[in-house]
Colleague: 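One structure, pasted below without further comment.
Proteins get letters first, then strands, A, B, ... in listed order; numbering begins at 1 in each.
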Amino acid sequence: MIDIKLLRETPDIVRDSLSKRFIQLDIDTIIDLDKQRREKIQIADELKKRKNDASKAIGRLKREGKDPGDLMEDMKDVSNRIKAIDTEVGDLTANIAELLAVIPNIPHETVPIGIKGEAHRLIREGGAKPEFTFEPVPSFELARRLGLIDFEAAARMSGAGFVIFRGVGARLARALINFMLDLHTREHGYTEVSPPLMVNRKSMTGTGQLPKLENDMYRCEQDDLFFIPTAEVPLVNIHREEILDGNILPISYVASSPCFRREAGSYGKETRGIVRIHQFDKVELVKFTLPGKSYDELERMLSDAEKVIRLLGIPYRIMELPAGEISFASAKTYDIEVWSPARARYLEVSSVSNCGDFQARRAEIRYKKDGEKGFVHTLNASGVALPRTIVAILENCQREDGTVSVPDVLLPYMGGIEVLQ
RNA sequence: GGAGAGGUGGCUGAGUGGAUGAAAGCGCUGGUCUUGAAAACCAGUGUACCUUUCCGGUACCGUGGGUUCGAAUCCCACCCUCUCCGCCA
């Protein structure tokens, strides 16, 4: 959530932000409602003061054995007026909150302007693209031939967009998860967390998935619980409605979890293979920082996620997203993309974002340090998503005989399996 | 799912209709003292909103309603925690 004061005092910053994101929203209505609300609060507060003073006087009179009858009679009317105004204020507050909740975060000043394509800024590249003496086979074909993934059985039991990793395929997924968790906990200082996979509405609102993305999530209607689309949601909500000691920041969490996404409306593209599926595993990184430190931490987080890909030896590149492409809650986002030789294109395996105080404001996550207080900054990064990383491993490490060599860093996790065959 | 108990500030914990935004203790911050530290003593120490030069005001005792001139305190609903029973990986 953006600060209502920003809207009140410098509405042009918000207008500018919306236009950079190519979003049209009526903010004048909010500004007007906010003005009305404050006026009514003032009136109500004055009446409440009268009421409080009178109540004290009545108490005093009664104790002295005098009759406060008239005063009590007068206060009945005041009380009713307060009730009426409070109802109006309540309605206005709810109305404003609702409108404010759909305003996206303000992009950081360094974020490039634009939308698709050329507006993406290349930050750096790594790893050499493999040079094949044969036509590279697409990952879904390799996975099928090697018996790593069963698409048909998954479709039968759950529908399109679900997959079963089986045998060495499941082993590879588990190896990747363990490798990443070990890397982030041992070398990058993250605390491992195993969070709930279903969370309530308030949590989803706190991180910014709601109210906008309700249709993109699986929901258990009976209990009004949502399946998490990313572990970012439970990780950030760990500290919801808390005041953190500024001296223990930054706090860094890592979790591996399945992610559930309805991907409504995306049928037709990317439906083949495991590039876009309804349930996938992802290792997620989340940090809580002091406001002044978040952009330093963003770079560190980017390199933490990048390390995973570098150690796996997969060719990749890092792109900075333009304002028109960054997500709702983000102020600045880098994508890490891995190379898919069979498709001759890059696939996003990680999004690394600084949300500034946007989520902290929604989720009421504050800090206090040396008498100074405020909202923390929150950051999140995939570190990284499994299926597309598996695609990249299969395709980049494939050999002419149809087998795939396992990256060295995964060998300790593969129980002696060096080649997928 | 059933029965019971309970949810008060950073923590422990008083408080059953008016002098309580909330006793007391602990913790924390500053000061005195000390070579320094500890102890002792003194002072301060919740969050948010409105107003704003200053001053000030309002709300908040799990959440939301209600009763009342007045609610932490009474009533209703819901949420959460604990104990026992049932069920269960």
Colleague: Does a salt bridge link A:Arg21 with A:Glu325, judged by any charged N lying under 4.0 Å from a carboxylate O?
Modeller: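 A:Glu325 and A:Arg21: not salt-bridged.
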Colleague: Between the side chain of A:His120 and the main-chain N/O of A:Leu321, is any donor-acceptor distance below 3.5 Å?
Modeller: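 Between the backbone of A:Leu321 and the side chain of A:His120 there is no qualifying donor-acceptor contact (under 3.5 Å).
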Colleague: Could you tell me how far B:rU20 sits from B:rU35 if I compare only their C1' atoms? Round to whole Å.
Modeller: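 These two C1' atoms come out 46 Å apart once rounded.
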Colleague: Taking the nucleotide of RNA chain B with the nearest heavy atom to each, does A:Asp53 or A:Gln42 sit closer to the 5' end?
Modeller: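 Whichever sits nearer the 5' end wins; that is A:Gln42.
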Colleague: Write down the distance between CD (A:Glu46) and P (B:rU51), rounded to a whole number of angstrom.
Modeller: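 Result: 12 Å.
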Colleague: Could you tell me the separation between the NZ atom of A:Lys369 and the P atom of B:rU29, rounded to a whole number of Å?
Modeller: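 For the pair A:Lys369 NZ and B:rU29 P, the rounded distance is 13 Å.
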Colleague: Quick check for you: among B:rU67, B:rC50, B:rG18, whose closest atom lies nearest to any side-chain atom of A:Arg63?
Modeller: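 It is B:rG18.
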Colleague: Under a 3.5 Å limit for both distances, which nucleotide forms a Watson-Crick or G-U wobble pair with B:rU34, could you say?
Modeller: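 Across any shown strand, B:rU34 pairs with none.
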Colleague: For the pair made of CZ in A:Arg201 and C1' in B:rC78, what is the distance, rounded to whole Å?
Modeller: 17 Å
Colleague: On a whole-Å scale, what distance lies between the P atoms belonging to B:rA72 and B:rA59?
Modeller: 10 Å
Colleague: Could you let me know what B:rU81 is paired to, Watson-Crick or G-U wobble, both distances under 3.5 Å, or none if it's on its own?
Modeller: B:rA5
Colleague: Pairing check on B:rC87: which nucleotide meets the Watson-Crick or G-U wobble criteria with it, both distances under 3.5 Å?
Modeller: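 WC or wobble partner does not exist here.
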Colleague: Between A:Arg38 and A:Arg366, name the one whose nearest nucleotide on RNA chain B is closer to the 5' end.
Modeller: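 This one resolves to A:Arg366.
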Colleague: Among B:rC69, B:rC49, B:rG57, which nucleotide has an atom closest to any side-chain atom of A:Asp45?
Modeller: B:rG57
Colleague: Provide the distance between the two P atoms, one in B:rG66 and one in B:rA71, to the nearest whole Å.
Modeller: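 Roughly 12 Å separates the two P atoms.
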Colleague: Check whether any side-chain N or O of A:Ser55 sits under 3.5 Å from a backbone N or O of A:Lys51 as a donor-acceptor pair, and report yes or no.
Modeller: yes
Colleague: Whom does B:rG46 pair with, Watson-Crick or G-U wobble, provided both distances fall under 3.5 Å?
Modeller: B:rC60
Colleague: OP1 or OP2 of B:rU68 versus the side-chain N and O atoms of A:Ser79: is any pair under 4.0 Å?
Modeller: no
Colleague: Is the closest basic N to carboxylate O distance between A:Lys48 and A:Asp86 below 4.0 Å?
Modeller: yes
Colleague: Please measure how far the P atom in B:rC85 lies from the corresponding atom in B:rC75, and state the result in whole Å.
Modeller: 30 Å
Colleague: Kindly say if A:Asn52 contacts the phosphate of B:rG70, meaning a side-chain N or O under 4.0 Å from OP1 or OP2.
Modeller: no
Colleague: Both distances below 3.5 Å, Watson-Crick or wobble geometry, any strand: find the nucleotide opposite B:rA22.
Modeller: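 Its partner: none found.
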Colleague: Classify A:Met72 by what it touches in the nucleic acid, base, sugar-phosphate, or nothing, heavy-atom distance under 4.0 Å.
Modeller: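 Base contact - A:Met72 has a heavy atom under 4.0 Å of at least one base atom.
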Colleague: Give me the distance, rounded to whole Å, that separates B:rA14 from B:rG25 when you measure between the P atoms they each carry.
Modeller: 15 Å
Colleague: Grab the NZ-C1' distance between A:Lys48 and B:rU68 for me, whole Å please.
Modeller: 16 Å
Colleague: Find the partner of B:rU73: check Watson-Crick (N1-N3 plus N6-O4 or O6-N4) and G-U wobble (N1-O2, O6-N3) distances, both under 3.5 Å, and reply none if neither fits.
Modeller: none
Colleague: To the nearest Å, how far apart are A:Ile82 CD1 and B:rU68 C1'?
Modeller: 13 Å
Colleague: Sticking with atom C1', work out how far B:rA39 lies from B:rG31, rounded to a whole angstrom.
Modeller: 16 Å
Colleague: Near A:Arg166 CZ, under 6.0 Å, is it more than 12 heavy atoms from other residues, nucleotides or ligands?
Modeller: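 It does not: A:Arg166 CZ has 12 such atoms or fewer within range.
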Colleague: Could you state the CD-P distance from A:Glu9 to B:rU52, rounded to the nearest angstrom?
Modeller: 12 Å
Colleague: Looking at A:Glu152, is its backbone amide N or carbonyl O close enough to the side chain of A:Asp150 to form a donor-acceptor pair, meaning the two atoms are under 3.5 Å apart?
Modeller: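 Yes, because the side chain of A:Asp150 sits within donor-acceptor range (under 3.5 Å) of the backbone of A:Glu152.
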Colleague: Tell me every residue that passes ring-ring contact (aromatic ring centres under 6.0 Å, His included) with A:Phe165, counting only those two or more places apart in sequence or in another chain.
Modeller: none
Colleague: If you look at every strand shown and take non-hydrogen atoms under 4.0 Å, does A:Arg8 touch a base, only sugar-phosphate, or nothing?
Modeller: sugar-phosphate
Colleague: Tell me the interatomic distance from A:Lys51, atom NZ, to B:rU68, atom P, rounded to whole angstroms.
Modeller: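 Atom-to-atom, A:Lys51 to B:rU68, this comes out as 13 Å.
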Colleague: Quick one: does any side-chain atom of A:Arg343 pair with a main-chain N or O of A:Pro138 as donor and acceptor, under 3.5 Å?
Modeller: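 Checking the backbone N and O of A:Pro138 against the side chain of A:Arg343, no donor-acceptor pair under 3.5 Å is found.
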Colleague: Think A:Lys368 has a side-chain N or O under 4.0 angstrom from the OP1 or OP2 of B:rU29?
Modeller: no
Colleague: Set out, line by line, the N/O atom pairs under 3.5 Å between protein and nucleotides 21-23 of chain B.
Modeller:
none

Colleague: Could you check whether the rings of A:Phe358 and A:Phe328 sit parallel, tilted or perpendicular, using 30° and 60° as the cut-offs?
Modeller: perpendicular
Colleague: How would you label the contact of A:Lys40 with the nucleic acid (heavy atoms, under 4.0 Å): base, sugar-phosphate, or nothing?
Modeller: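 Here A:Lys40 touches no strand at all.
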Colleague: Could you tell me if the ring centre of A:Phe288 sits under 6.0 Å from that of A:His377?
Modeller: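 No, the ring centres sit 6.0 Å or more apart.
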Colleague: Return the value, rounded to whole Å, for the distance between atom CD1 of A:Ile58 and atom P of B:rA71.
Modeller: 11 Å
Colleague: Expressed as a whole number of Å, how far does the C1' atom of B:rC60 sit from that of B:rU8?
Modeller: 12 Å
Colleague: Please give the distance between the P atoms of B:rG65 and B:rC61 as a whole number of Å.
Modeller: 12 Å
Colleague: With both distances under 3.5 Å as the test, what is the Watson-Crick or G-U wobble partner of B:rU67?
Modeller: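 When the pairing criteria are applied, nothing turns out to pair with B:rU67, so the answer is none.
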Colleague: Identify which nucleotide among B:rC50, B:rC69, B:rU47 has an atom closest to any side-chain atom of A:Ile243, counting heavy atoms from C-beta outward.
Modeller: B:rU47
Colleague: Of the listed nucleotides (B:rA48, B:rC50, B:rG18), which one gets closest to any side-chain atom of A:Ile41?
Modeller: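 Nearest to the side-chain atoms of A:Ile41, counting from C-beta on, is B:rC50.
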